[in-house]
Amino acid sequence: MPTYNLKINGKTHAVDTDADTPLLWVLRDKINLVGTKFGCGIGQCGACTVHVDGTAMRSCLLQVSQAENVEITTIEGLSEDGSHPVQEAWKTVDVPQCGYCQAGQIMTASAFLNENPNPSQQEIRDAMNGNICRCASYNSIEEAVKLASEKLS
Ligand code: FES
Ligand code: FES
């Protein structure tokens with residue numbers, strides 16, 4: 001079984017696994033970074049979103065063999081203590097209901113705001129559109145992204 005050296009949250013992890021193992025399984029089962037969630041496994045829900053070189057990507061669709069030589073950030077690495085402006089805004093607005101989708105929502109929002117720190121309501125809606133929330137916390141999510149953008153811009 002080949003070994004892959006993955007840079008995750010600033011640390012290098014050597015992982016023995018098959019080349020086509022999804023990064024999501026590696027994060028959860030090999031490295032115990034379980035903040036990243038499994039929702040659909042086919043790129044449709046956003047629960048598994050991480051940053052790859054700063055871009056939001058679905059970790060269920062990324063094979064481990066494609067994940068070397070890039071910087072991967074998970075929800076655990078976004079900040080040490082939950083103090084990232086997006087996390088603070090999430091707490092202020094009290095967004096989560098069951099919470100299952102929220103790590104993916106926050107990872108999508110934070111990558112989006114890095115690219116567009118002063119978005120319109122429609123741009124926020126479009127950016128967050130692919131992240132499903134079964135508890136329908138969409139209004140709160142939009143409000144929190146707007147609040148975070150005000151802190152960042
Ligand atoms: Fe990856 Fe749903 S688990 S998009
Ligand atoms: Fe429950 Fe989004 S808060 S799925």
Side-chain angles (χ1 to χ4, degrees), residues 1-80 82-90 95-96 98-120 122-135 137-138 140-142 144-146 148-149 152-153:
M1 199 175 275
T3 300
Y4 296 94
N5 292 301
L6 306 179
K7 199 158 183 196
I8 302 168
N9 300 336
K11 290 185 193 159
T12 300
H13 298 263
V15 176
D16 297 331
T17 191
D18 294 323
D20 60 356
T21 305
L23 176 62
L24 175 59
W25 300 136
V26 171
L27 293 174
R28 291 184 56 83
D29 295 348
K30 301 264 185 190
I31 308 178
N32 200 31
L33 290 170
V34 294
T36 307
K37 302 299 188 205
F38 169 76
C40 65
I42 54 171
Q44 298 292 312
C45 75
C48 67
T49 303
V50 298
H51 295 177
V52 176
D53 285 339
T55 299
M57 294 192 70
R58 310 292 203 226
S59 62
C60 69
L61 295 182
L62 196 65
Q63 295 181 359
V64 68
S65 56
Q66 303 168 305
E68 285 192 304
N69 305 313
V70 293
E71 299 265 357
I72 297 159
T73 306
T74 69
I75 188 71
E76 292 89 347
L78 194 60
S79 67
E80 284 187 5
S83 62
H84 186 282
V86 172
Q87 292 170 307
E88 293 288 359
W90 243 247
V95 175
C98 82
Y100 197 83
C101 71
Q102 297 295 333
Q105 305 279 3
I106 287 171
M107 295 310 281
T108 296
S110 53
F112 166 62
L113 290 175
N114 279 341
E115 288 175 12
N116 185 355
N118 192 18
S120 68
Q122 189 59 50
E123 287 172 328
I124 292 171
R125 199 161 291 172
D126 292 344
M128 301 306 298
N129 187 36
N131 282 71
I132 306 299
C133 175
R134 289 180 66 184
C135 303
S137 63
Y138 299 113
S140 299
I141 288 168
E142 279 185 32
V145 176
K146 185 71 188 158
S149 76
L152 286 165
S153 58

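Looking only at side-chain heavy atoms (C-beta outward), Asn9 and Thr73 come within less than 4.5 Å of each other. The shortest side-chain heavy-atom distance between Ile72 and Lys7 does not fall under the 4.5 Å cut-off. Annotation: side chain of Gln44 is not in contact with side chain of Ile132 (no heavy-atom distance under 4.5 Å). Looking at heavy atoms from C-beta onward, Gln102 lies out of side-chain contact with Ile75 at the 4.5 angstrom threshold.
With hydrogens and angles left out, the side-chain atoms of Ser137 and Gln105 include no donor and acceptor closer than 3.5 Å.
The shortest heavy-atom contact between Met128 and Ile141 is CE-CG2, 3.9 Å. For the pair Thr17 and Tyr4, the tightest heavy-atom approach, listed with the atom from each and the gap, is O-CE1, 3.5 Å.
A side-chain donor-acceptor contact under 3.5 Å links Glu76 to the backbone of Gly35. Within the 3.5 Å criterion, the main-chain N or O of Val34 finds a donor-acceptor partner in the side chain of Lys37. Panel note: side chain Glu123, backbone Ser120; a donor-acceptor pair is recorded below 3.5 Å. Side-chain N or O atoms of Ser59 include one that pairs as donor or acceptor with a backbone N or O of Cys48 at under 3.5 Å. Between the side chain of Tyr100 and the backbone N or O of Cys133, no donor-acceptor pair lies under 3.5 Å. Formation of a donor-acceptor pair under 3.5 Å by the Asn5 side chain with backbone atoms of Thr12 is not found in this model.
Once rounded to the nearest 0.5 Å, the distance linking SG of Cys60 with CD1 of Ile42 reads 8.0 Å. For the atom pair NE2 (His84) and CG (Leu152), the distance works out to 6.5 Å, reported to the nearest 0.5 Å. Here CZ of Arg58 is found 12.5 Å from OG1 of Thr36. Values are rounded to the nearest 0.5 Å. If you take OG1 on Thr74 and CD1 on Ile31, they are separated by 9.0 Å, rounding to the nearest 0.5 Å.
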Requested in this report: Walk me through it: do Trp90 and Val145 pass the test side-chain contact (heavy atoms from CB on, under 4.5 Å)?
Outcome: CA-CA 8 Å; Trp90 243 247; Val145 176; 3.8 Å; yes
Query - Working for side-chain contact (heavy atoms from CB on, under 4.5 Å), residues Arg125 and Asn129 - result: CA-CA 6 Å; Arg125 199 161 291 172; Asn129 187 36; over 6 Å; no
Report task. Report the C-alpha separation of Met57 and Leu61 in whole Å, then their side-chain angles, then the decisive distance to 0.1 Å, and conclude whether the side-chain contact (heavy atoms from CB on, under 4.5 Å) test is met. Result -> CA-CA 8 Å; Met57 294 192 70; Leu61 295 182; over 6 Å; no
Requested in this report: Step by step, work out the side-chain contact (heavy atoms from CB on, under 4.5 Å) result for Met1 and Asp18.
Outcome: CA-CA 6 Å; Met1 199 175 275; Asp18 294 323; 3.9 Å; yes
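Under a cut-off of 6.0 angstrom, the local environment of CD in Gln122 is crowded, with over 12 non-hydrogen atoms contributed by other residues, nucleotides or ligands.
Looking at residues two or more places apart in sequence or on another chain, you find a side-chain hydrogen bond (donor to acceptor under 3.5 Å, both in side chains) between Ser79 and Gln87.
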